[in-house]
Amino acid sequence: MNCTRLVLRCYSTESTHHVNQRIRSLKHTSGVTRVEEALQLFDEMLQRQPLPSIIQFNQLITSIVKINQYSTALSLYKRIKLMGVPSDLYAMNVSINCHCRLNQVTYGFALLATIFKQGHTPDSTTYNTLVNGLVLADQVFEAVELFKKLRGEKLCEPDQFMYGTIINGLCKVGHTSKALELLRFMEAGSCRPRVQHYTIIMDSLCKDKMVDDALLLFAEMNEKGVLANVITYNSLIHSLCNFGRETEAAKMLGHMEAEGLSPGVDTFNILINSFCKQGSVKDAELCVEAMVRRGLHPDVITYNALIDGYCLRGEIDEAEQVLDGMVERDIVPDIITYNSLINGYCKKKRIDEARHLFQEIQDKGLFIDVITYNTMLQGLFQSGNPSVARELFSKMQAKGQFPDICTYRIMLHGMCKNFQCSEALAIFRSLGSKEMMKDVELYTILIDGCSKCGMPKLAVELFDELLLKGLKLNVRTCNVILRVYWQEGLLVKGKKLLRKMGDYGCLPNSVTYNVIVQVLLKKNECQEAAIFLEEMINQGFFPDSSTFKILLSLIPNVGQDSHMRTIIQKLTSVEGKV
DNA sequence: GTAGGGTTAG
């Protein structure tokens, strides 16, 4: 009798140990495998007699939550409930979080009621999870109200998490200054702000383009003895890069190492990407060397950045070399890698190679995305294959790939250039999406296209339609229609628009004047052209090379004492000095 | 030994 009991107890503790071990090992399993193994373990746990404790179930389900499988997690809780395992506050809190992540805050609040009903007392985690749920649901105002209520009614003393959630929410809706106020409030109180709080606000300041204010706050934080961590540095490095301040970003990296923090592959990738996009792939390569020296391994993102960087510069051979290098290191190229390469071939007008690669990756069974199609379509148009492009456009839709706004811009632009304006217009009119019909870029393409296809009236109508829709104008749109106005002699309209451009938020630029002057010169209206040339120069703009060419060709024909002659002389003398 | 907030790369 005693013996049996002993054996049973041994079996029970041993299996508990075994289960714990398997739960722990789940953390080292990734993605789909983790879900599969977790589900299998869960089934085994349900078979056990006695049933494992709620703690073990919580641990297992948490490992599923960590990989964002919220519905799965909730369904498992439902099942253990059916098996009669009593829930605890941890389980309830995790469930609330799952509902919040699934955009079901309401269910979260329903669970709060259940907690009370079951005689539990919600804790700060419960409330914080709910406040965060409101933030996630874009109900920041409601989140702040709940926060105030909890504090006012002493239901829950706000802790660093709660403050973090609210600061995050305020920043998310653009109220960075309110968040900063709350930070100042914390500094004066007993719940002192941590690095997280500073990081959120610095990041938000940067998103508001106030990078220097962020840097000031960073300095202030350091003075207060709050230590920055890798996330803080990653965020600042990224923001500096976004504003073209790569040198300072690189200095930041040095800074963080001096502080004893180790930058990760992601830190380097931020810099590498930025250098590549800027066109300085050489600097990016130096960054890669620096990361390798630190024992970090470039990943697919690193290689993709380099490949894209080279392709953007048209240095396709270098891009191919990088590709070889990554394959040698067993890093599998993905669709982004191939999109860059296809773009590189297209840029170099090596359309056959682009088409070949496009076919090859499909044969490999790789998923082709809308960017692949867009890249290919653009390449086809630019290499003078409009009909192949149009075939591909049909094919992608037949395959179930929806065109996006870029697809339509590429298509309509390509078609207009190939004198297929009427068909382009037909496509535009048949656009299902209301959003796309409100795209100023599409209008600009069509207006320009119609005028160049000999349909200026249609161009003018389209512009009026655009105004009627209340779409926001940009300089390019104005420049395009101004050319039409001057070509068609619609000078009243033209001059009116020229004057109103500032009100529309787009001041005339150098192109604006070049366009007008060129039209006038081509129409041989030299006097009028001279007036605009002068205005242009007074505004600090300068004729571009094509305007200049026309001007120079006029020299023999303009009279000795004409206004135009003086201007040309002035221009050529300035030109000589420069 | 189970739960809640922050950054990012294409």
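Just the heavy atoms: all of them, side chains too, but no hydrogens, waters or symmetry mates, feed the values below.
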Looking only at the side chain of [X] (C-beta and beyond, no hydrogens), which of the listed nucleotides [options] gets closest?
X        : options              : value
A/Phe161 : B/dT8, B/dA3, B/dG5  : B/dG5
A/Gln59  : B/dG5, B/dG10, B/dT2 : B/dT2
A/Lys207 : B/dT2, B/dG4, B/dT7  : B/dT7
A/Asn304 : B/dA3, B/dG10, B/dG5 : B/dG10
A/Thr129 : B/dT7, B/dG10, B/dG4 : B/dG4
A/Asn97  : B/dT7, B/dG10, B/dG4 : B/dG4
A/His238 : B/dG6, B/dA3, B/dA9  : B/dA9
A/Tyr90  : B/dA3, B/dG10, B/dT7 : B/dA3
A/Asn229 : B/dG4, B/dA9, B/dG6  : B/dG6

Separation of [N] [atom2] from [X] [atom1] (nearest whole Å):
X        : N     : atom1 : atom2 : answer
A/Asn234 : B/dT8 : CG    : P     : 10 Å
A/Leu170 : B/dG5 : CG    : C1'   : 13 Å
A/Gln278 : B/dA9 : CD    : P     : 16 Å
A/Arg101 : B/dG5 : CZ    : C1'   : 9 Å
A/Leu182 : B/dG5 : CG    : C1'   : 13 Å
A/Gln160 : B/dG4 : CD    : P     : 13 Å
A/Leu74  : B/dA3 : CG    : P     : 16 Å
A/Met186 : B/dG5 : CE    : P     : 16 Å

With a non-hydrogen cut-off below 4.0 angstrom, is [X] in contact with a base, only sugar-phosphate, or nothing?
X        : value
A/Ser124 : base
A/Lys66  : sugar-phosphate
A/Asn132 : sugar-phosphate
A/Ile301 : base
A/Asp308 : nothing
A/Asp299 : nothing
A/Thr199 : base

Does the base of [N] carry an N or O that pairs as donor and acceptor with the side chain of [X] under 3.5 Å?
X        : N      : value
A/His197 : B/dG5  : yes
A/Asn273 : B/dA9  : no
A/Asn269 : B/dG10 : no

Would you call the rings of A/His255 and A/Tyr233 parallel, tilted or perpendicular, where under 30° means parallel and over 60° means perpendicular?
tilted
Can you classify the ring geometry of A/Tyr163 versus A/Phe185 as parallel (below 30°), tilted (30 to 60°) or perpendicular (above 60°)?
tilted
Check the phosphate of B/dG6 against A/Lys172, side-chain N and O only, distance under 4.0 Å to OP1 or OP2. Yes or no?
no
Determine, stepwise, if the pair A/Asp299 / A/Arg329 fulfils salt bridge (charged side-chain N to carboxylate O under 4.0 Å, His left out).
CA-CA 10 Å; A/Asp299 61 8; A/Arg329 287 174 184 80; over 6 Å; no
Heavy-atom pair of closest approach, residues A/Met436 and A/Asp404
CE-C, 3.8 Å
Would you say NZ of A/Lys224 has more than 12 non-hydrogen atoms from neighbouring residues, nucleotides or ligands within 6.0 angstrom?
yes
Member of A/Asn168, A/Leu182, A/Thr176 meeting the side chain to side chain contact (heavy atoms under 4.5 Å, CB included) criterion with A/Ile201
A/Thr176
Does the pair A/Glu145/A/Arg151 count as a salt bridge with the N-to-O cut at 4.0 Å?
no
